[in-house]
Amino acid sequence: MSESSSSTKTITLTQARALHLAAQGLLQAPRRRAQHDDLLATVQRMRLLQIDSIHVVARSPYLVLHARLGDYPPTWLEEALDNGRIAECWAHEACFVTAGDIGLHRAWRAQTESNHWADRHAARVRDSHLKEMHDLLAHIRTSGPVRAADFERADRGVSGWWEWKPEKRWLEAWFASGDLMVTRRERFQRVYDLAERVLAKLDPPLDTAAMALSQEALRKRFILDSVRALGIAQARWIADYFRLKPAVSADELVPMLASGELLSVQVAGWDDPGYVHVDHAALLEKAFEGRLRATHTALLSPFDPVVWDRARLRELFHFDYSIECYLPAAKRQYGYYVLPILHRGRLIGRLDAKAHRAEGVFEVKALFFEEEVKPSQRMLDELAQAIAATAAWHGAPKVRLGRCRPAQIASTLRTHWRR
């Protein structure tokens, strides 16, 4: 679809959703068993994979990959990091990115002043403990990679996310500044090493051309990568993907439209235009012709790229969502770790889950359909299959179901799992 034709055509919201899901790898279920390179291709397609340590079900990066790859060995993620195929950096938040993209992120952080909490934390720690931090860096240079767990804490009674031991704070400060990188993970704990040693093992090697790009060129690259990853985006959605500042405006996109790097398209019901990367021109044409069919059912992580921008989620899917694990129990509406349910291009509900791996039980504490969703037999069958597949992948194949809304769907789901 050419720029001129795309600007005069209108697609429906359903077609825009299909384009978004196709770009994200969530339009249809995988047609074959996942292979090693599929993990790398999936990270590249999304451009980043957010890291979060909550593990009442699989930790978020593994769950994001499962929604797209199906049954795959979670160890592949650690292997990719250890082998230099992916790397960790601060992007949207703490993220995995492919080795081919890490140069862009390091160059961006070297050239821009960040107000991110990780950088504010790093600056405070450097101001107060610079000698100790340099001593730690010298220790790693001489003795090799370390974990925070390698250092004993003096105040053993102290706990909590922000009550890190001093060495953990120093390691994270050096990681934020780029002097240290994560060379591998052990039981999901970061193992830190000098950046020069981690960069030396990248496969492919560090892109030195990316490191030489100007701030303006880097910002343009991140804008284009955001639009490509999203499939279709309004201008105000773009900055959040890589946490760009200032926000991206429609005026900033005009030169990219003129060059043909971006296409403009109208979406029925939107006041503002949508933007599509030229690489997705064929997908846009298929969407316009109604040839993108969403058939996938999957449980999404709260930190999935489809989900993490709550304003985008409301406008694109009419789905109001927030993660409630950070709220006191009495203030939670749906549960501690609630997974949105994707079904054939719609977000039809959410479930509060917990994997009891030692018992082999995947507990669905509560399952809620959206008020306007009328569950069909096919919808329930495909949802039951998706939950069962996620449970089996967790090594907790027995599904235990708690309360449901509407209540009558519980018996249908339980019947499916007893077959």
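Every heavy atom of this structure was used, including side-chain atoms; hydrogens, water molecules and symmetry mates were not.
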Do NZ/NE/NH1/NH2 and the carboxylate oxygens of [X] and [Y] come within less than 4.0 Å?
X    : Y    : value
E172 : R190 : yes
D352 : R332 : no
E79  : R85  : no
E372 : R346 : no
R221 : D101 : yes
R219 : E252 : yes
E371 : R405 : yes

Okay, side chain of [X], backbone of [Y]: is any donor-acceptor separation there less than 3.5 Å?
X    : Y    : result
W417 : A384 : yes
E370 : I348 : no
D150 : R147 : yes
Q24  : A229 : yes

Only pairs at least two apart or in different chains count here, so list each side-chain hydrogen bond (donor to acceptor under 3.5 Å, both in side chains) that has a residue in residues 201-216.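 Checked against side-chain hydrogen bond (donor to acceptor under 3.5 Å, both in side chains) - neighbours excluded - the pairs reaching residues 201-216 are T183-K201.
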Side-chain donor-acceptor contact under 3.5 Å, [X] with [Y]:
X    : Y    : value
S249 : D251 : no
Q234 : R236 : yes
D381 : Q377 : yes

Are W76 and Y62 close enough that their ring centers fall under 6.0 Å? no
Compute the centroid of each ring, for W108 and then for F222, and state whether the two points are separated by less than 6.0 Å. yes
Under 30°, 30 to 60°, or over 60°: which ring-plane class applies to H105 and F242, parallel, tilted or perpendicular? tilted
Is the ring pair W308/H92 parallel, tilted or perpendicular, if the boundaries are 30 and 60 degrees?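 Aromatic pair W308/H92 classed parallel.
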Which value, rounded to the nearest 0.5 Å, describes the distance between D225 atom CG and L230 atom CG? 11.0 Å
Report the distance from atom CG of D309 to atom CG of D240, rounding to the nearest 0.5 Å. 4.5 Å
Mind checking side chain to side chain contact (heavy atoms under 4.5 Å, CB included) for T390 and listing every partner two or more places apart, or none if nothing turns up?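 Here the qualifying residues are L63, H66, L299, F362, H394.
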Mind checking what makes side chain to side chain contact (heavy atoms under 4.5 Å, CB included) contact with V56, not counting sequence neighbours?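 Scan of V56 (side chain to side chain contact (heavy atoms under 4.5 Å, CB included), adjacent residues dropped) gives I54, Y336, Y337, K354.
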Here's a test for you: under ring pair (Phe, Tyr, Trp, His ring centres under 6.0 Å), which of Y321, Y334, F319 qualifies with F368?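 The residue from Y321, Y334, F319 that satisfies ring pair (Phe, Tyr, Trp, His ring centres under 6.0 Å) with F368 turns out to be Y334.
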